[in-house]
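Residue numbers start at 1 and run along the sequence shown.
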Amino acid sequence: MYMMFFGSSVLLLIGMAVLWSVFLFRGRRWLTLLNIFFLLAWLGLALVATWSIGWEFIRQIFGMLAPMVVSPFILLVTVRDRSVWGQLVKRYAVFVSWFAVYMITFQIPAFPDGWTYFECFGLPILVFILLYAWDKWFGRRFYRHWIVIGSVLMILGFIFISLLWNAKAMQDEGHAMQGNWGGGKVTTVKPSVDVTTLTGPDATAVTKQYDFTAAKKNMSVPDGSEKELWLFNGQLTGPAIRVTQGDVVEVTLTNKNIEDGITIHWHGYDVPNAEDGVPDISQKVVAVGESYTYRFTADTAGTFWYHSHNQSSEQVGHGLFGSFIVEPKKQVKEELEIVGFVAPKYVDSSGALLPANGKVPKNIKPGTNVRIRLGNAHNKPQKLILNGTTFQIAAIDGNLIHKPTDLKETYLQIPAGGRMDITFTMPNHAVCLFDAKDATGGWVFQSTGENTKASTEIPDNVFKPEKYGEKQATTLDASDGFDRLFTMVFDSKLAFFDGMVHHLWTINGELYPNTPMLMVNEGDLVKTTFVNRSYSHHPMHLHGHKMLVLTRNGAATTGSPWWTDTLNVKPGETYEVAFKADNPGIWMDHCHNLDHATNGMMMHLQYNNVYTPFSGHTHE
């Protein structure tokens, strides 16, 4: 629906622009009626979009463009008995209609400033005045074809300048980046802290040690083709890290031949800032022939994963990722456990399921408790279906669900970077887990009693985490209000990038590195509002902290506390989330569609007294 609104809106505005351009200024009532029809269709489309997607998706676009697009019709009705003014209005309509196409495609930002308001409202008025002056001074010799050609050339010039200007923003050094304090007080009472001092335990405390070597390797992928993959220890997926809650983990990373350099980020795990693996913030990249050691305490049980965080769209896409499981000290019940991922885009673009800890069992004894820890290494949300049994969602992003209930004929949508723990009791017939785009690449579990055929039917109902499980008190107390209130509006711009015209993805109208820094003090209680005004999904991932989802589209969550580190915000959606600023550092906050992050959708959360000694941009 969101693509339909955006595409149809542009096409209808182009249609109006073309009609105004070919309009015979002496009359032709049917052309006028056709243009009115296009206008009503555009207004109707806006109403449909508001109803089905949400007002936030079109609020700014419609609010800025509607007065501009409607103004020629109002003027024509007002001056219909005055031929001179009527001709002038039609000439004005040519420019304004082409300008509206430009504004909806290239220019309207999330938070309009004075210049944007002048562009939408002041510039058309200025053009009207100039046309009047020209007509008066030069005796109505401003012919229609001059207007049309001049308007089109002007808009093409605006487009070209916008493409260059937006591309320039990606090359900035971040000097325009400013701290956003979210309406709270600025304090500087604590001494400055270097991120490199925010480390894990001493080496003497290590209880689990791993050595990883990153290198290129040619191998077969799920679709049967041979590809060059980039792997940890030559494995797809990377070596499974499995530890027990309380272990001190040490991982030594060596780069054999990944030219751009690598790091390891512990996705969803709240490690000390120096262990976070973000280049130019917590460390420099590990170049070819170099090594780097990460060390932290595994104090939180759950399902997590690790991946390279340098040029990560390409490096994760080629296979530099793996599973990280922290088992609780006391197991609740005996389970057969299966760990897997949806494959990243360069490994298998259709989203095949990859086992992360050996082969997937083909036969399971009826009555066996099964837990599938499933992560999404792809850039897009994945639609997963489990058919053949009732099941429960035991955890989201490593966070346990309080009193989960049975689900059936319900599909799961796992965000890019997100994880879900699925549990069920094996029945005496087949169970199938598969991706909606590729049922043949799924996993079929047969009962040890007899073989049966598993259904690949795709259910209509989607899992709704905001309503799942039973409500429970949390450790986050907002009874006294929040110390920081931030709003992040997601949008897009077109620009020249890598030799082509690309969509660049913005936060609050800015591209990284000029996205405002979210500033906090240690101990602050922070609320962030996400508004997706773009036509794509944005799985927002905050490093070093867990977010508690408060509302979705204005409605409060009613189920088990929904803690997450990667929240998928669909087009037109709004979310309110909260977190405690209890892990000092400078942390990435970015879209985990890693192509979007590469194309501008990144920012930082910075504690007021923390600084980094490294320079340059974060190489997402």
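- Shown here is Lys256, whose NZ atom has no more than 12 heavy atoms of other residues, nucleotides or ligands within 6.0 Å.
- Not counting sequence neighbours, Phe445 has no partner by the ring-ring contact (aromatic ring centres under 6.0 Å, His included) test.
- A salt bridge does not link Asp348 to Lys227: none of the charged nitrogens lies less than 4.0 Å from a carboxylate oxygen.
- Each of Glu275, Glu250, Gln209 was evaluated against Arg295; a single residue qualifies, Glu250, per the side-chain hydrogen bond (donor to acceptor under 3.5 Å, both in side chains) test.
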Item checked: Test side chain to side chain contact (heavy atoms under 4.5 Å, CB included) applied to Ile264 and Phe232, step by step -> CA-CA 10 Å; Ile264 295 181; Phe232 292 115; 4.0 Å; yes
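- For the pair Thr529 (side chain) and Thr487 (backbone), a donor-acceptor distance under 3.5 Å is absent.
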Next item on the list: Starting from the C-alpha separation in whole Å, work towards a yes-or-no answer on side chain to side chain contact (heavy atoms under 4.5 Å, CB included) for His541 and Cys591.
Entry: CA-CA 6 Å; His541 174 48; Cys591 179; over 6 Å; no
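- Between Val444 and Phe434, every side-chain heavy-atom pair lies at or beyond the 4.5 Å cut-off.
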Check: Do Ser447 and Asn428 pass the side-chain hydrogen bond (donor to acceptor under 3.5 Å, both in side chains) test, and can you show the C-alpha distance, the side-chain angles, and the key distance before you say yes or no?
Finding: CA-CA 5 Å; Ser447 164; Asn428 60 0; over 6 Å; no
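- Remark: the Asp491 side chain and the Thr506 side chain contain no N/O donor-acceptor pair separated by less than 3.5 Å.
- Under the 3.5 Å distance criterion, the side-chain polar atoms of Thr410 are matched with a main-chain donor or acceptor of Lys408.
- The closest side-chain heavy-atom distance from Glu337 to Ile325 is below 4.5 Å.
- Side chain to side chain, Asp276 and Ser282 fail the donor-acceptor criterion of an N or O pair below 3.5 Å.
- Put simply, the side chain of Tyr468 gets close to the backbone of Thr405: a donor and an acceptor are under 3.5 Å apart.
- Between Phe463 and Pro465, the shortest heavy-atom distance links the atoms O-CD, 3.4 Å.
- His267 and Thr566 are linked by a side-chain donor-acceptor pair at a separation below 3.5 angstrom, with hydrogens and angles left out of the test.
- A pairwise comparison of heavy atoms in Ile401 and Gly469 identifies CG2-CA, 4.2 Å as the closest pair.
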Margin query: Let's go through Thr297 and Asp299 carefully: what are the C-alpha distance in whole Å and the side-chain angles of both, what is the deciding distance for side-chain hydrogen bond (donor to acceptor under 3.5 Å, both in side chains) to 0.1 Å, and is it a yes or a no?
Written below: CA-CA 6 Å; Thr297 302; Asp299 50 10; over 6 Å; no
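- Side-chain contact, Asn532 with Ser534: a donor N or O sits under 3.5 Å from an acceptor N or O.
- Side chain of Asn376 to backbone of Gly417: no donor-acceptor contact under 3.5 angstrom is found.
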Next item on the list: Before giving the answer on side chain to side chain contact (heavy atoms under 4.5 Å, CB included), spell out for Phe490 and Phe530 the whole-Å C-alpha distance, their side-chain angles and the decisive distance to 0.1 Å.
Entry: CA-CA 8 Å; Phe490 311 134; Phe530 297 131; 3.5 Å; yes
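- Using modelled atom types, no side-chain atom of Asp435 and backbone atom of Leu353 make a donor-acceptor pair closer than 3.5 Å.
- Aromatic ring pairs are classed by plane angle as parallel below 30°, tilted from 30° to 60° and perpendicular above 60°; the pair His307 and His592 is perpendicular.
- The minimum heavy-atom distance linking Tyr306 with Ser323 is given by the pair CE2-O, 3.3 Å.
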Margin query: Checking Leu518 against Asp589 for the side chain to side chain contact (heavy atoms under 4.5 Å, CB included) test, could you report, in this order, the C-alpha distance in whole Å, the side-chain angles of both residues, the deciding distance, and whether it holds?
Written below: CA-CA 9 Å; Leu518 304 184; Asp589 194 355; 4.1 Å; yes
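- The main-chain N or O of Thr452 is found under 3.5 Å from a side-chain atom of Gln446 such that the two form a donor-acceptor pair.
- Side chains of His590 and His543: a donor on one and an acceptor on the other come within 3.5 Å.
- Although no hydrogens or angles enter the test, the distance criterion places a donor-acceptor pair under 3.5 Å between the side chain of Asn310 and the main chain of Asp260.
- Within a 6.0 Å radius of CD in Gln472, other residues, nucleotides and ligands contribute more than 12 heavy atoms.
- In this structure a side-chain-to-backbone donor-acceptor pair under 3.5 Å is present from Asn233 to Asp211.
- Atom CG of Asn369 is separated from atom CE of Met426 by 12.5 Å, given to the nearest 0.5 angstrom.
- Heavy-atom contacts from other residues, nucleotides or ligands closer than 6.0 Å to NZ of Lys464 number 12 or fewer.
- The closest side-chain donor-acceptor pair between Ser313 and Asp595 falls under 3.5 angstrom.
- The distance from atom CG of Leu236 to atom CG of Leu231, rounded to the nearest 0.5 Å, is 6.0 Å.
- Considering all non-hydrogen atoms of both residues, Pro381 and His537 come closest at CG-ND1, 3.7 Å.
- With hydrogens and angles disregarded, no donor-acceptor distance shorter than 3.5 Å links the side chain of Asn363 to the backbone of Thr448.
- When every heavy atom of Ser492 is checked against every heavy atom of Tyr535, the shortest pair comes out as OG-CE2, 4.0 Å.
- Panel note: side chain Arg484, backbone Val520; no donor-acceptor pair is recorded below 3.5 Å.
- Rounding to the nearest 0.5 angstrom, the gap separating the CE atom in Met488 from the CD1 atom in Ile507 is 4.5 Å.
- With a 4.5 Å cut-off on side-chain heavy atoms, Leu605 and Phe579 count as touching.
- Across all non-hydrogen atoms, the minimal contact from Pro222 to Leu354 is CG-CD2, 3.5 Å.
- A donor atom on one side chain and an acceptor atom on the other are not found under 3.5 Å apart for Asn568 and His538.
- When side chains are defined from C-beta on, Trp563 counts as touching Thr474, because their heavy atoms get closer than 4.5 Å.
- In this structure, CH2 on Trp266 lies 5.0 Å from CZ on Phe296, to the nearest 0.5 angstrom.
- Around CD of Glu457, the count of heavy atoms belonging to other residues, nucleotides or ligands within 6.0 Å does not exceed 12.
- Under 4.0 Å is where a charged nitrogen must lie from a carboxylate oxygen, and between Lys546 and Asp565 no such pair does.
- The distance from the CE atom of Met420 to the CD1 atom of Ile414 is 5.5 Å, given to the nearest 0.5 Å.
- Counting heavy atoms of neighbouring residues, nucleotides and ligands inside a 6.0 Å radius, atom CD of Glu226 exceeds 12 of them.
- To the nearest 0.5 angstrom, Thr50 atom OG1 is 6.0 Å from Leu47 atom CG.
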